[in-house]
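Structure record follows, encoded as structure tokens.
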There are 2 protein chains.
Amino acid sequence: MKPAVGRRRSTSETRCERCTLQSLCLPLGLEVEALASFDAIIEHPRPLKRGQALMRQGERFESLYVVRSGSLKQLLAQPGQRDQVTHFHLPGEVVGLDGIAESRCYGSVVALESTFVCELPFHRLDELAEQVPELRSELYRCMSRELRNDQRMMCLLSGRTADQRLASFVLGLSERFRARGCSPNCFHLSMSRSDIGSYLGLALETVSRVIARFQEQGVLCVKGRELCIHDQAALVALAEEGVGRHSGS
Amino acid sequence: MKPAVGRRRSTSETRCERCTLQSLCLPLGLEVEALASFDAIIEHPRPLKRGQALMRQGERFESLYVVRSGSLKQLLAQPGQRDQVTHFHLPGEVVGLDGIAESRCYGSVVALESTFVCELPFHRLDELAEQVPELRSELYRCMSRELRNDQRMMCLLSGRTADQRLASFVLGLSERFRARGCSPNCFHLSMSRSDIGSYLGLALETVSRVIARFQEQGVLCVKGRELCIHDQAALVALAEEGVGRHSGS
DNA sequence: TCGTTACCTTGATGCCGGTCAAGCCCTTGT
DNA sequence: ACAAGGGCTTGACCGGCATCAAGGTAACGA
């Protein structure tokens with residue numbers, strides 16, 4: 001089921017050089033020449049349809065992927081527990097770093113909509129990183145950033161109320177869309193309420209209810225999966241709100 | 001307050017070559033020669049006393065550290081929220097990887113007891129990694145492993161009951177002690193109940209109560225901070241226990 | 001067009017675990 | 001030796017959120 005067929009190298013239209021995600025992506029800061037070398041190792045598997053898997057938990061790890069367009073969710077299955085969403089991946093984000101350690105994919109990654117990715121065979125990437133210090137740094141930075149994000153998430157999950165979690169989630173998405181040149185105030189949620197709930201450690205009913213409450217308060221407006229933030233300041237206040245669980249005084 | 005004074009290079013007794021943590025530590029798998037180069041960049045700040053900080057959130061990131069003996073906790077301060085424990089670090093574990101991304105320490109790291117560390121100035125480490133592919137791989141693997149652990153933690157925090165969290169926590173520690181050649185069944189908790197609670201997203205009272213319950217059930221035995229596991233199988237069962245929150249059927 | 005299905009919303013109920021409070025134990029310093 | 005303070009335990013109470021349940025809505029295929 002791996003999209004081995006349909007892979008192809010860069011064409012003029014898929015070149016990094018012309019990619020709008022340059023400012024976010026791995027080859028950030030590479031010289032023209034290095035960028036060309038980087039480009040040369042990229043493969044382009046055929047696009048994924050909604051629900052299709054980019055990788056499956058336990059599969060052999062071969063490549064990193066960068067989302068080119070669309071979005072995906074990462075799922076972790078654990079013994080005696082329902083699958084859990086651990087990440088959502090947006091364009092420009094690197095997928096699969098957690099597979100390096102054991103040469104196995106640590107989670108499954110599934111497209112939430114039609115999704116294009118760039119594939120970076122890891123051994124070739126590492127070879128290139130040996131020669132290009134900037135690429136090496138960027139790889140470190142990328143992993144480090146993800147560590148940082150995961151830690152934030154752990155804090156979110158461990159000490160905060162449903163309202164705070166939802167507010168942080170929405171703000172986080174908003175920020176990520178802004179960085180991608182999309183509207184930070186109105187955007188489309190490609191994931192279901194149930195995905196959001198799983199990700200935030202809440203029941204899907206709670207997600208629904210909190211969204212409804214935010215709407216009543218005029219903080220945002222949701223219709224199906226279209227979301228508009230009306231009062232960002234209020235959302236920030238909701239996310240930080242002094243008194244969550246364990247928050248003390 | 002940085003322990004700049006008292007740093008010194010390796011002496012015969014601090015050499016990696018003779019270190020009992022070799023099988024766990026970063027230079028894993030290096031040839032004799034590469035190991036010597038690695039050894040040469042290590043510095044040894046003076047030991048930390050209980051409560052002393054190895055790094056403080058927001059400080060400039062310069063070095064990675066490896067715990068040589070003792071243990072530390074990592075704390076993250078967030079606006080309008082009490083500090084939260086995000087990691088406990090045991091001997092052989094690398095500290096500070098999350099600082100690479102922004103060249104700032106992402107959290108504060110504080111000793112839980114008398115603690116020795118090895119300091120690895122990051123720019124020198126990276127220089128060496130350029131020449132030694134094995135070291136590079138090990139660095140990647142190390143970060144990747146941490147990503148994986150953080151994800152496990154996120155799952156723990158988001159979908160599980162207090163009992164499951166505690167049981168997983170104890171099992172995790174047990175496993176880590178085993179890997180370090182210590183008894184996996186009887187060990188010392190260098191962190192307070194409150195630290196454990198913060199780490200697991202529970203009130204310290206809950207930690208105390210759950211431990212008491214486990215004790216009544218004969219699963220383990222705790223006296224102050226000494227812990228003995230009596231029935232590991234039961235603990236595994238408690239950790240996985242089909243029916244947690246969100247677990248569905 | 002209709003039926004099927006997946007997704008979402010809203011209500012009612014109950015439990016887990018947070019919070020507050022009181023007291024014990026052990027350590028540390030004078 | 002005693003006082004003081006930090007850490008731990010245990011009890012009582014109650015609130016937030018999971019769970020169960022019952023529709024409503026939208027998308028899709030026949």
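The heavy-atom pair separating B:S63 from B:E119 by the smallest distance is OG-OE2, 2.8 Å. Closest approach of B:T86 and A:M154 over heavy atoms only: O-CE, 3.3 Å. When all heavy atoms are compared, the tightest approach of B:S168 to B:L156 is OG-CD1, 3.4 Å.
Listed by chain and residue number, nothing satisfies the side-chain hydrogen bond (donor to acceptor under 3.5 Å, both in side chains) test with B:N185 (two or more places apart in sequence, or in another chain). Taking A:R50 as the reference, nothing meets the salt bridge (charged side-chain N to carboxylate O under 4.0 Å, His left out) condition, with sequence neighbours excluded. Here B:E205 pairs with B:A203, B:R209 under the side-chain contact (heavy atoms from CB on, under 4.5 Å) rule; sequence neighbours left out. For B:D83, there are no salt bridge (charged side-chain N to carboxylate O under 4.0 Å, His left out) partners at least two apart in sequence or on another chain. A search for salt bridge (charged side-chain N to carboxylate O under 4.0 Å, His left out) contacts involving B:R145 returns B:E138, not counting sequence neighbours. In this view, A:S114 satisfies the side-chain contact (heavy atoms from CB on, under 4.5 Å) rule with no residue, not counting sequence neighbours. With sequence neighbours excluded, the residues forming a side-chain hydrogen bond (donor to acceptor under 3.5 Å, both in side chains) with A:H188 are A:E226, listed by chain and number.
A:R225 comes within contact range of the sugar-phosphate backbone alone, with a heavy-atom separation under 4.0 Å but no base atom that close.
One atom, CD of B:E216, and another, C1' of D:dT9, lie 12 Å apart when rounded to the nearest Å. Look at CG on B:L166: it is 11 Å from P on D:dT9, rounded to the nearest Å. In this structure, B:E226 atom CD and D:dC8 atom C1' are separated by 15 Å, rounded to whole Å. Between the CD atom of B:Q164 and the C1' atom of C:dG17 there is a distance of 14 Å, rounded to whole Å. Atom P of nucleotide D:dG7 and atom CD1 of B:I211 are separated by 15 Å, given to the nearest angstrom.
Between B:R50 and B:T206, the residue anchored closer to the 5' end of DNA chain D is B:R50, taking for each the nucleotide with the nearest heavy atom.
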Per-nucleotide protein contact along nucleotides 25-30 of chain D, 5' to 3', at a 4.0 Å heavy-atom cut-off (B base, S sugar-phosphate only, - neither), is ------
5' to 3', nucleotides 23-30 of chain C under a 4.0 Å protein heavy-atom cut-off (B base, S sugar-phosphate only, - none) gives --------
Given the rule in the side-chain contact (heavy atoms from CB on, under 4.5 Å) test, do B:R152 and A:Q78 qualify, once you have shown the distances and angles that lead to the verdict?
CA-CA 9 Å; B:R152 263 228 311 272; A:Q78 288 189 304; 3.7 Å; yes
Test log, rule salt bridge (charged side-chain N to carboxylate O under 4.0 Å, His left out), inputs A:R178 and A:E175 = CA-CA 5 Å; A:R178 178 202 307 279; A:E175 197 42 59; 3.4 Å; yes
Pair B:D195-B:F88, side-chain contact (heavy atoms from CB on, under 4.5 Å): steps then yes or no | CA-CA 9 Å; B:D195 288 335; B:F88 294 112; 4.0 Å; yes
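Annotation: side chain of B:Q84 is in contact with side chain of A:S158 (closest heavy-atom distance under 4.5 Å).
Closest approach to the A:T161 side chain among D:dT10, C:dT10, D:dC17 is made by D:dC17 (side chain taken as heavy atoms from C-beta onward).
Rounded to 10 degrees, the angle separating the terminal helix axes of the helix from C:dT1-D:dA30 to C:dT30-D:dA1, each built from five base pairs, is 40°.
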Using the 3.5 Å cut-off, write out each protein N or O paired with an N or O of nucleotides 11-15 of chain C and the distance between them.
{"unit_1": "C:dG11", "atom_1": "N7", "unit_2": "A:R209", "atom_2": "NH1", "d": "2.8"}
{"unit_1": "C:dG11", "atom_1": "O6", "unit_2": "A:R209", "atom_2": "NH2", "d": "3.3"}

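Annotation: proximity of residues 188-204 of chain A to DNA chain D (heavy atom, distance under 4.0 Å) is found for A:G201, A:L202, A:A203, numbered in ascending order.
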